[in-house]
Amino acid sequence: MSSNAITVPGVQIDEKPWVDILHEWVTTVDHKRLGILYIGYALLFLVVGGIEAIIIRIQLMYPHNDFVSPQVFNRMFTMHGTTMIFFVAMPILFGFANYLVPVMIGARDMAFPRLNAFSFWLSALGGFLLYFSLVGANGLYGAGNAPDVGWWAYAPLTAPAFSLGHSSDYWTLALLVSGFGSIGTAINIIATILCLRCPGMTLGRMPLLVWLNLVMSGMVLITITPLSAAQIMLLVDRYLGGHFFDAQAGGSAVLWMHFFWIFGHPEVYVLIIPCFAFMSEIIPVFSRKPIFGYPVMVAATICIGFVSMSVWAHHMFTVGMNSYANSFFAITTMAVGVPTGIKIFNWIGTMWGGRIQFKTPMLFSIAFLFQFLIAGLTGIMLGCVPFDWQLSLSYFVVAHFHYVIVGGILFALFGAFYYWYPKFTGRMLSETLGKWHFWLFLIGFHMTFDLMHIPGLLGMPRRIYTYEPGRGWDTLNLLITIGAFIQTIAVLVFVANLLISYFKGDKAGNDPWDAWTLEWSISSPPPAYNFASIPVVTSRRPLWDMKHPEDPDSRYE
Amino acid sequence: MSAIASPFPEAPPNWNLPYRGKVAMACLIIAESAIFTIFVVAYLFYVGKSLSGPTPREVLEVPIFYTICLLSSSLTMHFAAKSLARDRAGAFLGLWLFTIVLGGLFLFGTAQEWHRLIYEHGLTISTNLFGTTYYSLVGLHAFHVTAGLIMLLAVAIFAFAGRVRMQESHRVEVLAMYWHFVDAVWVVVFTVVYVLGR
Ligand SMILES: [Cu+2]
């Protein structure tokens, strides 16, 4: 392959006037630029959602604190949850999928480049709508308010009588619009993977990242849509006088809960499966071994995809379902732990006997393994119905799902940033700053979220804006808040690393990690057309075959 | 990179992957099915739970003629696509226009039914749970028929301009998939609203 002979000099871009550069980015249909737009957009919202989290933590630092009013506190936790799930986690993972899937299967772009751009701008519009509620929710006289119904917006809180003004409408529209964007991107990813693989890239030879994103996109098709349907019903209720969730006219608030969690639980897997995908690429490269149990990994992922569709009502044990439903959802919840356990086993099997290199991406991956395991275990605990009756809606649950989302998803994402940043920009992220980032974030994370389990066990409910002193929660809450500040400092180190390394980082070259998948065969950053000549592969590790023609993988597969 | 510049091996013969349009439409159909499933579940969940009238039994009439129209439009669509694949442009255009007429008739039937329900029986979307779920489910389906008709009309205009040839038949088949899906959904909606729900 001679793609290295043709390079696009990045210098040329700098000579254009900034209006042209902006125009290029706004009108782009290139999957790499859209990927970076997704990631940049998500990082922006990560800062916003992070500030909201800090406001929540400052308010809870001391008993009887009055840093913010109860009303503002409600808005903060609603906006924090909605922002982090829909406008940070989803777009950032779609951004990585957008960027990486085509270059890992030897394609020049996504199957539908314009649909891709359309989906991104829909998602962007969704985020804008959510925050426009701050000025527009009470009408356009600049005295609005933000949604305050919690990220799951249970009925009847969203009924016109209880949610005055338009804040709930902006929440609904934001999720509806960004949901359509997600569906468009998911369709695009599936079509790309099934129709644009380079010659020789059979399904069994696709990198695991591609496989897992295929499963994730399939799940998006059937998990985001129930939420969209429920949002349409809510709009019918609020604007046309419908009665879907209106108990006064025979409607059911519990139906909304079902619809929300039919989306809500699989959504966790939509977010974590791409993170599994990062792990499945990073761990083998830094263990210098091929992935252990490739077919089992694929099978376990598909299994998770199916089983996770039938566990949603474990979020509703306290609603009062009958014992058959309780038993069913408890059993399926525990069952989903089996394929997940298989995956953790396989990652450890990959590391076992390998020559492990403790570079920053690998550090984040190892932390991910431990933390995701603990998050899974507390999940199993909450899947036990009597235990859940005791601790549902307590800080134990908050600690559990932040262990999944921060300890799992965010750690995996940081690993992915350190691993693929060289490919995106052509520069290495600083290892020194990376280690500072890792250790500070690790300490902050454990200080906050390990300790957060305890006030939960001691009975501290979630979503309270303040609490009485002397219940044993005081010191713990102070320490949790200090942990949150340590995490903030770590994220600032990360942002500094992103910026400094972009200008001053070491040149990455094509293949800084001596990796094996196709994205490392082209220049960093890749040219607009990715591959000068479309590659042909004969095994799961095409670059290994190129580097070791005397001992190619294809001989053993 | 020169160290690893060994050329890729030869391309395998017969490397054929599915057409992206069909894959994407199949995905869209899966996503749409999930949306319809939620609306159907809501409809069935609320059958007989309205606190006030009118009830489905009092006001709904089974739209047999318009159902036959919509279902037969699937047949004409199928033969239209086949004609195009066999390069019979005249037959294609004729069957295509017939499909549009049948789809249009179905929409007219829905409009007539809604007009009757609203003006004769006073049933609107805010009257009771039946009204809410009925107009939402049937309306969601009618919306999909309308979207389909707009796309069919676009193809008809291109066909009149002589731009729809045999080479494009795989694209027409993508649209045919959507139309068959909309018809299949009507079978479900019909069963739920006019058979089970009454
Ligand atoms: Cu769950």
Side-chain angles (χ1 to χ4, degrees), chain A residues 1-4 111-112 115 183 186-188 190-192 194-200 217-218 220-226 228-230 232-233 236-237 240-244 246 248-252 255 258-259 262 509-511 521 523 533-538 542-543 545-547 549 554, chain B residues 1-52 124-137 139-140 143 174:
Chain A
M1 199 195 62
S2 57
S3 71
N4 54 325
F112 302 97
L115 173 65
I183 293 162
I187 289 175
N188 216 339
I190 295 176
T192 306
L194 293 184
C195 310
L196 294 187
R197 279 167 287 136
C198 67
S217 304
V220 165
L221 294 183
I222 35 184
T223 60
I224 301 289
T225 38
S228 306
I232 294 170
M233 292 176 184
V236 168
D237 274 14
L240 303 177
H243 307 293
F244 279 112
D246 173 13
Q248 302 266 302
S252 164
L255 195 67
H258 277 292
F259 289 166
I262 285 171
N510 289 1
D511 185 17
S521 72
S523 59
S533 56
I534 294 294
V536 175
V537 301
T538 51
L543 256 68
D545 294 359
M546 279 207 301
K547 295 171 195 169
S554 46
Chain B
M1 168 92 189
S2 56
I4 50 167
S6 64
F8 280 110
E10 286 298 302
N14 307 324
W15 184 250
N16 286 323
L17 294 173
Y19 170 50
R20 61 183 180 145
K22 281 201 170 169
V23 170
M25 184 51 78
C27 292
L28 182 70
I29 287 174
I30 293 172
E32 295 269 24
S33 309
I35 294 187
F36 275 106
T37 306
I38 295 294
F39 274 88
V40 164
V41 166
Y43 192 93
L44 288 173
F45 183 76
Y46 286 135
V47 164
K49 292 203 177 137
S50 293
L51 298 185
S52 60
T124 67
I125 198 163
S126 59
T127 306
N128 57 11
L129 268 177
F130 165 57
T132 303
T133 51
Y134 165 82
Y135 285 110
S136 308
L137 180 57
L140 188 69
F143 170 75
V174 173

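Any value given below was found using the heavy atoms of this structure, including those in side chains, with hydrogens, waters and symmetry copies removed. Letters A, B, ... are given to chains in the order of the sequence lines, protein chains preceding strands, and every chain is numbered from 1. Treat the numbers as computed from the prediction; the structure is a model and nothing was measured.
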Please tell me if the side chains of B:Y46 and A:L255 come closer than 4.5 Å, counting only heavy atoms from C-beta onward.
-> yes
Which answer fits B:Y135, side chain, backbone, both or neither, if we ask what part of it has an atom under 4.5 Å from a heavy atom of chain A?
-> neither
Rounded to the nearest 0.5 Å, how far apart are CG of A:L240 and OG1 of B:T124?
-> 9.5 Å
Spacing of A:I190 atom CD1 and B:R20 atom CZ [to the nearest 0.5 Å] | 15.5 Å
Examine whether an atom of A:S252 lies under 4.5 Å from a heavy atom of chain B, and if so say whether it belongs to the side chain, the backbone or both; otherwise answer neither.
-> both
Nearest heavy-atom approach of B:V23 to A:C195 is CG2-SG, 3.5 Å
Candidate pair A:I222 and B:I30, rule side-chain contact (heavy atoms from CB on, under 4.5 Å), full reasoning = CA-CA 7 Å; A:I222 35 184; B:I30 293 172; 3.9 Å; yes
Tell me, side chain or backbone of A:L196 under 4.5 Å from chain B's heavy atoms, or both, or neither?
-> backbone
Chain A contact via B:T127 - side chain, backbone, both or neither, heavy atoms under 4.5 Å = backbone
B:S136 portion near chain A, given a 4.5 angstrom heavy-atom threshold | side chain
Between A:G241, A:S554, A:P199, A:A229, the one whose heavy-atom pairs under 4.5 Å with chain B are most numerous | A:P199
Drop me the distance from A:I187's CD1 to B:L28's CG, to the nearest 0.5 angstrom.
-> 4.5 Å
Flag side-chain contact, heavy atom, 4.5 Å: B:L17 against A:R197 = yes
Distance in Å, A:L221 CG paired with B:I35 CD1, rounded so as to fall on 0.5 Å steps | 10.5 Å
Atom CD1 in B:I38, atom NE2 in A:H258: separation rounded to 0.5 Å?
-> 11.0 Å
At what distance, to the nearest 0.5 angstrom, does CZ of B:F143 lie from CD1 of A:I232?
-> 8.5 Å
Cut-off 4.5 Å, heavy atoms of chain B, and the answer for A:I183 is side chain
Heavy atoms only, distances under 4.5 angstrom: which of A:G251, A:A186, A:A191 has the most pairs with chain B? Name it, please.
-> A:G251
Smallest separation among heavy atoms of A:T225 and B:A34, with atom names = OG1-CB, 3.1 Å
Kindly assign one of parallel, tilted or perpendicular to the pair B:F39 and A:F244, based on the angle between their ring planes and the thresholds 30° and 60°.
-> perpendicular
